[in-house]
Amino acid sequence: MKTFKKEYVLLNVDISTREEAIAFIATKASELDISNDRDKTELDLWDREREYNTAIGDMIAIPHTKSPSINFPVVLIIKPKDIIDWYGENVNLIISFLSPKKNTNNIHLTMLSKISRKLVNEEFKTTLSESNDIDLIYEMIMGALNS
Amino acid sequence: MGKKFIGLCACTMGLAHTFMAAEALEQAAKEKGYDVKIETQGTDGIKNKLTPQDIEEADIILHAVAVTPEGMDRFEGYEIYEVGLQDAIKNSKGIIEEIEEDLGIK
């Protein structure tokens, strides 16, 4: 189990709506053995999304959930082929945090929190948004996780 | 002794907004010359917990929360400012300046 690896960077993804994005995250989480129940993951992501639009400005959305369907905490980085209409906001970078339901004082969750902290850093956001270089994206996220 | 800013951030999931708000407030307060300590009540538990001494010493106490945080009794009798997490993330500096004006802090 790893909180982040290169496989979790998904570039040039053919999705064009928030609905497709959430469905894609659930499917990928299932394929990558992050989720043990694809549909439950999708449902729980939607619960969060309805409560609070996860677009955070600067064309970034951070759909996330704490769900019993998730096996271990991870971050997925997704870049859609085209700009997504995220409930009225344009989005070209998706950073998705997936966490098990019960999990306190977990080192991996603290690592994930460091990425959230980086998301107020303009330079970090701009570089991540503009890059399509999988190695660079991987290094940036690993750097943030271990900061 | 310098001026001191303390904050507490908490949201329902405690995965993202809590930490974004904490970081935004920390940076803005540092920039304005404060000693800063921000407690986060996130999914990884309570981190950087504010002590009675922190609260006693603080010039500004700010809660950026979407839920009722744990340990509210610590703050009884103190003046607390409260903002939403989105506001804290997007306008941390503006919030601090408004509070400074309100409290007459230069």
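A note on names: the letters A, B, ... follow the listed sequences, proteins ahead of strands, and every chain is numbered from 1.
- Interface remark: B:Ser92 contributes no atoms to any contact with chain A (heavy atom separation under 4.5 Å).
- Following chains of ILVMFWY side-chain contacts shorter than 4.5 Å, one cannot reach B:Ile61 starting from B:Val67, and the two form parts of different hydrophobic clusters.
- Clustering ILVMFWY residues whenever any of their side-chain heavy atoms sit less than 4.5 angstrom apart, transitively, puts A:Val9 in the very cluster that holds A:Val91.
- In the displayed structure, B:Tyr78 atom OH is contacted under 6.0 Å by more than 12 heavy atoms of other residues, nucleotides or ligands.
- With contacts defined as side-chain heavy-atom distances shorter than 4.5 Å, the pair B:Thr18/A:Arg117 does not qualify.
- Between A:His64 and B:His17, the closest side-chain pair of non-hydrogen atoms falls below 4.5 Å.
- Heavy-atom neighbours of A:Glu19 CD from other residues, nucleotides or ligands within 6.0 Å: above the threshold of 12.
- Under the 4.5 Å side-chain heavy-atom criterion for grouping Ile, Leu, Val, Met, Phe, Trp and Tyr, A:Met140 is connected to A:Leu76 within one hydrophobic cluster.
- The number of heavy-atom neighbours closer than 6.0 Å to CD of A:Glu31, taken from other residues, nucleotides and ligands shown, is above 12.
- Under the 3.5 Å distance criterion, the side-chain polar atoms of A:Ser116 are matched with a main-chain donor or acceptor of B:Leu15.
- A distance of 12.5 Å separates CZ in B:Phe19 from CG in A:Leu119, rounded to the nearest 0.5 Å.
- Taking a 6.0 Å sphere around NZ of A:Lys5, one finds it holds more than 12 heavy atoms contributed by other residues, nucleotides or ligands.
- Looking at B:Glu26, only its side chain comes within 4.5 Å of chain A, counting heavy atoms on both sides.
- Looking at A:Ile95, neither its backbone nor its side chain comes within 4.5 Å of chain B, counting heavy atoms on both sides.
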Problem - Pair B:Glu23-A:Asn121, side-chain contact (heavy atoms from CB on, under 4.5 Å): steps then yes or no - result: CA-CA 9 Å; B:Glu23 187 68 22; A:Asn121 178 321; over 6 Å; no

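- Defined by atom type and a distance below 3.5 Å, a donor-acceptor pair is present between the side-chain atoms of B:Lys47 and A:Thr110.
- The shortest non-hydrogen separation linking B:Met20 to A:Val120 is O-CG1, 3.3 Å.
- Put simply, the side chain of B:Gln86 reaches to within 4.5 Å of the side chain of A:Tyr52, judged on heavy atoms.
- A:Glu122 CD: more than 12 foreign heavy atoms inside a 6.0 Å radius.
- Between atom OG1 of residue B:Thr12 and atom CZ of residue A:Arg48 there is a gap of 3.5 Å, rounded to the nearest 0.5 Å.
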